[in-house]
Protein chains: 2
Amino acid sequence: MSEKDHSHDHAHHSHAEAKHRFLERLKGQGFKLTGKRQMIVSILLAEDRYISAKELLEQMQKTFPRLSFDTVYRNLHLLKVEGLIEESTFGDGGSKYRIACDTHDHHHHYICTLCGKTELVEGCPMDMLGITAPQGFKIESHRFEIFGQCADCHPV
Amino acid sequence: MSEKDHSHDHAHHSHAEAKHRFLERLKGQGFKLTGKRQMIVSILLAEDRYISAKELLEQMQKTFPRLSFDTVYRNLHLLKVEGLIEESTFGDGGSKYRIACDTHDHHHHYICTLCGKTELVEGCPMDMLGITAPQGFKIESHRFEIFGQCADCHPV
DNA sequence: ATCAATGCAAACCTTTTGCACGCGT
DNA sequence: ACGCGTGCAAAAGGTTTGCATTGAT
């Protein structure tokens, strides 16, 4: 087995591992592991980037021709509530979703606006900045994203 | 004239001043100063917070009963392209808009998710954080917003 | 008088929902 | 067998567009 094959095999292995972990979490909550649900997790893991509900639907329809948006959205909603995926609204035309970075608790992303690929940002502005909220302002959440084009997507 | 009246007058004065500045900028670009366009700028200045296209429409319909979404959106689009308003997508159900903070070049906001009111955040994470983009990632923009409830909107 | 702005209506796109049936447990 | 998950269809929002008319300059 060549080095190339080995790394490929390794990638597959960790993918399967991760998928198993995600599905176990759903199972533990009493949700059923349907074929479509598993495929959504598979695709999101394999893509490892932000993709739209439409992209997801189109990929899945190759296997499940009668699949429609409602099921995709219902599953995305479930996965989001369970904290297994992340949602963002960059670009035009609605939300995009990616598998949650389960190895890092709190994080922010560099996001490629062309392909949706992400990289982790070091640190969080809420820690680094001397954030002092206005009088009486109760902070509940924040959003920090850096947009641009990844090495694969821009010419030079 | 009482102090109260005076401050009220002052507020009106600076509002009118700001409105004039915004409208002049449109005029300079060759756009027509229609009543509806002026009213949108007026409302956004008076509100000084993020509001939805729907809120805008409803306020304006008191004066222009036949006004519909298309005109509101067309004007919002124009104002956005001209850099006179800012758009955000917090909460559910689409975009919200506020008059641009023309006195500050680059900035970020504390945003009240209940009323849309904003406060300026001191500093920008891109300056404060030791941002080092991944190999080959070409940074084009970023988004940083702190959400919560302002003093007026939460009980305690 | 000219050309942008508006009203109206319809289309578009993403996302959600009600209901009956099918499938994982 | 039970009850969640799914397909179908339709609706719900938000936003955009074509076209004829109105209105600012």
Side-chain angles (χ1 to χ4, degrees), chain A residues 20 22-43 50-82 84-85 87-97 116, chain B residues 20 22-43 50-82 84-85 87-97 116:
Chain A
H20 187 260
F22 279 95
L23 294 180
E24 276 306 307
R25 189 135 150 220
L26 284 178
K27 206 172 178 178
Q29 299 288 97
F31 297 107
K32 298 179 179 172
L33 300 191
T34 66
K36 283 138 198 169
R37 198 160 278 167
Q38 294 186 43
M39 191 174 193
I40 290 186
V41 171
S42 269
I43 292 176
Y50 278 104
I51 62 178
S52 64
K54 195 180 171 203
E55 276 180 87
L56 213 37
L57 175 70
E58 284 163 357
Q59 276 202 49
M60 295 180 67
Q61 279 183 329
K62 292 170 191 162
T63 307
F64 304 104
R66 346 200 76 201
L67 181 70
S68 52
F69 275 117
D70 45 33
T71 299
V72 173
Y73 280 116
R74 275 190 275 235
N75 277 303
L76 285 173
H77 180 257
L78 168 65
L79 292 171
K80 194 188 166 190
V81 166
E82 291 300 313
L84 303 183
I85 61 175
E87 183 180 6
S88 185
T89 57
F90 62 92
D92 289 331
S95 292
K96 293 192 179 62
Y97 309 84
Chain B
H20 186 258
F22 280 94
L23 294 180
E24 276 305 308
R25 189 134 148 220
L26 285 178
K27 204 172 179 178
Q29 299 288 96
F31 297 108
K32 297 181 179 174
L33 301 191
T34 67
K36 283 138 200 169
R37 197 159 280 167
Q38 294 186 42
M39 191 175 194
I40 290 187
V41 171
S42 269
I43 292 177
Y50 277 104
I51 63 179
S52 64
K54 194 179 171 206
E55 277 180 87
L56 213 37
L57 175 69
E58 284 163 359
Q59 276 202 49
M60 294 180 68
Q61 279 182 330
K62 292 171 193 164
T63 307
F64 304 103
R66 346 201 75 200
L67 181 70
S68 52
F69 274 117
D70 45 31
T71 299
V72 172
Y73 280 115
R74 275 190 275 235
N75 276 303
L76 285 173
H77 181 257
L78 168 65
L79 291 171
K80 193 186 165 191
V81 167
E82 292 300 313
L84 303 183
I85 62 175
E87 184 181 5
S88 186
T89 56
F90 62 93
D92 290 329
S95 292
K96 294 192 179 60
Y97 309 84

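Note that the coordinates shown come from a computational prediction; the quantities given were computed from them, not determined experimentally. By convention in this document, chain letters (A, B, ...) are assigned in the order of the sequence lines, proteins followed by strands, and residues within each chain are numbered from 1. The basis for the numbers below is simple: all heavy atoms, side chains too, and nothing from hydrogens, waters or symmetry mates.
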Between [atom1] of [X] and [atom2] of [Y], what distance do you get to the nearest 0.5 Å?
| X | Y | atom1 | atom2 | result |
| --- | --- | --- | --- | --- |
| Arg37(A) | Arg74(A) | CZ | CZ | 10.5 Å |
| Leu57(A) | Ile40(A) | CG | CD1 | 9.5 Å |
| Ser42(A) | Met60(A) | OG | CE | 9.5 Å |
| Thr34(A) | Lys32(A) | OG1 | NZ | 9.5 Å |
| Glu82(B) | Arg25(B) | CD | CZ | 7.5 Å |
| Leu56(A) | Met39(A) | CG | CE | 9.0 Å |

Presence of Ser95(B) side-chain N/O under 4.0 Å of dT15(D) phosphate oxygens OP1/OP2
yes
Counting only side-chain N and O atoms of Arg37(A), is one of them less than 4.0 Å from OP1 or OP2 of dG5(D)?
yes
Would you kindly give the [atom1]-to-[atom2] distance between [X] and [N], to the nearest whole Å?
| X | N | atom1 | atom2 | result |
| --- | --- | --- | --- | --- |
| Lys36(A) | dC4(D) | NZ | C1' | 13 Å |
| Gln29(A) | dG5(D) | CD | P | 12 Å |
| Leu67(A) | dC8(D) | CG | P | 10 Å |
| Leu57(B) | dG13(D) | CG | P | 15 Å |
| Leu78(A) | dG5(D) | CG | P | 7 Å |
| Gln38(A) | dG5(D) | CD | P | 13 Å |
| Phe69(B) | dT17(D) | CZ | C1' | 16 Å |
| Asp92(A) | dT16(D) | CG | P | 9 Å |

Residue pairs, two or more places apart or on separate chains, that pass salt bridge (charged side-chain N to carboxylate O under 4.0 Å, His left out) and touch residues 55-68 of chain A
Arg49(A)-Glu55(A)
Can you give each donor-acceptor pair under 3.5 Å made by side-chain atoms of residues 88-96 of chain A, sequence neighbours left out, with the distance rounded to 0.1 Å?
{"residue": "Ser88(A)", "atom": "OG", "partner": "Glu145(A)", "partner atom": "OE2", "Å": "2.7"}
{"residue": "Thr89(A)", "atom": "OG1", "partner": "Thr89(B)", "partner atom": "OG1", "Å": "3.4"}
{"residue": "Ser95(A)", "atom": "OG", "partner": "Glu87(A)", "partner atom": "OE2", "Å": "2.6"}

Assuming nearest nucleotide by heavy-atom distance, tell me which of Lys27(A) and Thr34(B) is located more 5' along DNA chain C.
Thr34(B)
Between Glu87(B) and Gly30(A), which has a closest nucleotide on DNA chain D that is more 5'?
Gly30(A)
Pairs under 3.5 Å (N/O, protein and nucleotides 18-22 of chain D):
{"residue": "dG18(D)", "atom": "O6", "partner": "Arg74(B)", "partner atom": "NH1", "Å": "3.4"}

Checking all strands, does Phe31(B) fall into the base, sugar-phosphate, or nothing category for heavy-atom contacts under 4.0 angstrom?
sugar-phosphate
From Leu78(B), Leu76(B), Val41(B), Leu26(B), residue fulfilling side chain to side chain contact (heavy atoms under 4.5 Å, CB included) relative to Leu84(B)
Leu26(B)
Side chain proximity check, Ile43(A) to Ile51(A), heavy atoms < 4.5 angstrom
yes
Closest heavy-atom pair, Lys27(B) versus Leu33(B), reported as atoms and distance to 0.1 Å, is CD-CD1, 3.8 Å
On DNA chain C, reading 5' to 3', which nucleotide is the first and which the last to sit with an atom under 4.0 Å from a heavy atom of chain B, could you check?
dC3(C) to dA9(C)
For the helix from dA1(C)-dT25(D) to dT25(C)-dA1(D), how many degrees between its two end axes (five pairs per end), to the nearest 10°?
30°
Just jot down the side-chain hydrogen bond (donor to acceptor under 3.5 Å, both in side chains) partners of Thr71(A), sequence neighbours excluded, or say none.
none
